[in-house]
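Quick notes on the structure that follows.
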Amino acid sequence: QAQLVESGGGLVQPGGSLRLTCAGSGFDFEVYAIGWFRQVPGKLREAISLISSNGDMADYANSVKGRFAISRDNAKSTAYLQMNDLKVDDTAIYYCAADLHYGSFVDEYDYWGQGTQVTVSS
């Protein structure tokens, strides 16, 4: 059974950092592009970063560009999202998702994790 599990969320002060982890199992992780998304209550799920299956391509939403960095380790079936200089507006539930195609729309992703809460507050 395919599964993605996020971890690493928590409470952090503005300007702080967190690293989210997305661990995949039950499917061929290394052939899937990975996307990171976030959602706050009452708003649509927002795509914030994605990485190709072999890691040679990556993209970021303007809201996180220069502060967040996506990476992956296919040997460990794991993807990461390093988040620096966090802002109050980054507060959300963060999800990772996997899809065979790079650049898919949100509703096209095949597998989703359960999400991890990130709260940025002083």
Side-chain angles (χ1 to χ4, degrees):
Q1 181 179 353
Q3 190 174 20
L4 290 169
V5 178
E6 303 95 337
S7 60
L11 173 64
V12 63
Q13 292 185 341
S17 298
L18 284 174
R19 189 176 80 154
L20 305 184
T21 298
C22 171
S25 61
F27 65 102
D28 198 358
F29 185 89
E30 65 183 13
V31 303
Y32 280 76
I34 298 295
W36 282 98
F37 302 81
R38 66 186 181 187
Q39 190 169 23
V40 298
K43 292 189 176 182
L44 295 175
R45 192 166 294 189
E46 174 191 15
I48 55 173
S49 186
L50 66 158
I51 188 168
S52 60
S53 58
N54 64 2
D56 64 342
M57 293 186 293
D59 282 292
Y60 300 90
N62 288 335
S63 58
V64 306
K65 198 171 292 184
R67 300 188 297 122
F68 290 12
I70 192 170
S71 62
R72 66 189 296 160
D73 184 346
N74 285 340
K76 297 181 179 179
S77 297
T78 302
Y80 306 95
L81 186 68
Q82 177 67 42
M83 306 187 295
N84 299 324
D85 189 23
L86 282 161
K87 306 178 185 303
V88 172
D89 286 349
D90 293 320
T91 296
I93 299 175
Y94 283 69
Y95 301 88
C96 65
D99 192 71
L100 284 172
H101 305 289
Y102 183 79
S104 297
F105 292 105
V106 173
D107 57 358
E108 295 176 328
Y109 276 75
D110 293 326
Y111 307 124
W112 287 87
Q114 83 290 348
T116 185
Q117 176 71 47
V118 171
T119 303
V120 185
S121 175
S122 55

*asked:* A side-chain contact here means heavy atoms from C-beta on lying under 4.5 Å apart; do Gln39 and Tyr95 qualify?
replied: yes
*Approximate separation, where rounding is to 0.5 Å, of Glu30 CD and Ser77 OG*: 7.5 Å
*Do Met83 and Val64 come close enough that some side-chain heavy atom pair is under 4.5 Å?*
no
*Output yes when a side-chain donor or acceptor of Asn74 lies under 3.5 Å from a complementary backbone atom of Asn54, and no otherwise.*
no
_Strictly by disulfide (SG to SG under 2.5 Å), give each pair with a member in residues 59-95 just once, sequence neighbours left out._
none
*If you look at every heavy atom in Gln114 and Val5, which pair is closest and at what distance?*
OE1-CA, 3.7 Å
*So do the side chains of Trp36 and Cys96 get within less than 4.5 Å of each other, counting heavy atoms only?*
yes
_So does Gly115 get a backbone contact from the side chain of Glu6, meaning a donor-acceptor N/O pair under 3.5 Å?_
yes
*asked:* So Ser17 and Val12, do their side chains get closer than 4.5 Å, heavy atoms only?
replied: no
*Close side-chain approach of Leu20 and Val118, heavy atoms under 4.5 Å*: yes
*Examine Leu18 and Tyr80 and state if one hydrophobic cluster contains both, with Ile, Leu, Val, Met, Phe, Trp and Tyr joined whenever side-chain heavy atoms are less than 4.5 Å apart.*
no
*Residue pairs fulfilling ring-ring contact (aromatic ring centres under 6.0 Å, His included) with at least one residue in residues 37-68, sequence neighbours excluded*: Phe37-Tyr109, Phe37-Trp112
*asked:* Rounded at 0.5 Å granularity, tell me how far CZ in Arg67 sits from CG in Leu86.
replied: 6.5 Å
*Closest heavy-atom contact between Ser122 and Pro14?*
N-CD, 3.7 Å
*Closest heavy-atom contact between Leu100 and Asp110?*
N-OD2, 3.9 Å
*Quick one: do Thr91 and Gln117 satisfy side-chain contact (heavy atoms from CB on, under 4.5 Å)? Show the steps, please.*
CA-CA 8 Å; Thr91 296; Gln117 176 71 47; 4.0 Å; yes
*Indicate yes or no: at least one non-hydrogen side-chain atom of Asp73 is less than 4.5 angstrom from one of Phe29.*
no
*So, Arg72 side chain and Ser52 main chain: donor-acceptor pair closer than 3.5 Å or not?*
yes
*Which is it for Leu4 and Phe27 under the side-chain contact (heavy atoms from CB on, under 4.5 Å) test, yes or no, and what are the steps along the way?*
CA-CA 10 Å; Leu4 290 169; Phe27 65 102; 3.8 Å; yes
*To the nearest 0.5 Å, how far apart are CD in Gln82 and OG1 in Thr21?*
9.5 Å
*With the side chain counted from C-beta on, respond yes when Val106 and Leu44 share a heavy-atom pair under 4.5 Å apart, and no when they do not.*
no
*Closest contact, heavy atoms only, Ala58 versus Ile70*: CB-CG2, 3.8 Å
*Which pair of heavy atoms, one from Ala92 and one from Val40, lies closest together, and at what distance?*
CB-CG1, 3.6 Å
*asked:* Could you measure the distance from the CD atom of Glu46 to the CZ atom of Arg38? Nearest 0.5 Å is fine.
replied: 4.5 Å
*asked:* Distance check, rounded to the nearest 0.5 Å: Tyr102 atom OH versus Ile51 atom CD1?
replied: 8.0 Å
_Under the rule for salt bridge (charged side-chain N to carboxylate O under 4.0 Å, His left out), what residues qualify as partners of Asp85, not counting sequence neighbours?_
Lys87
*Quick one: pull up CG in Leu81 and CD1 in Ile34 and give me the separation to the nearest 0.5 Å.*
12.0 Å
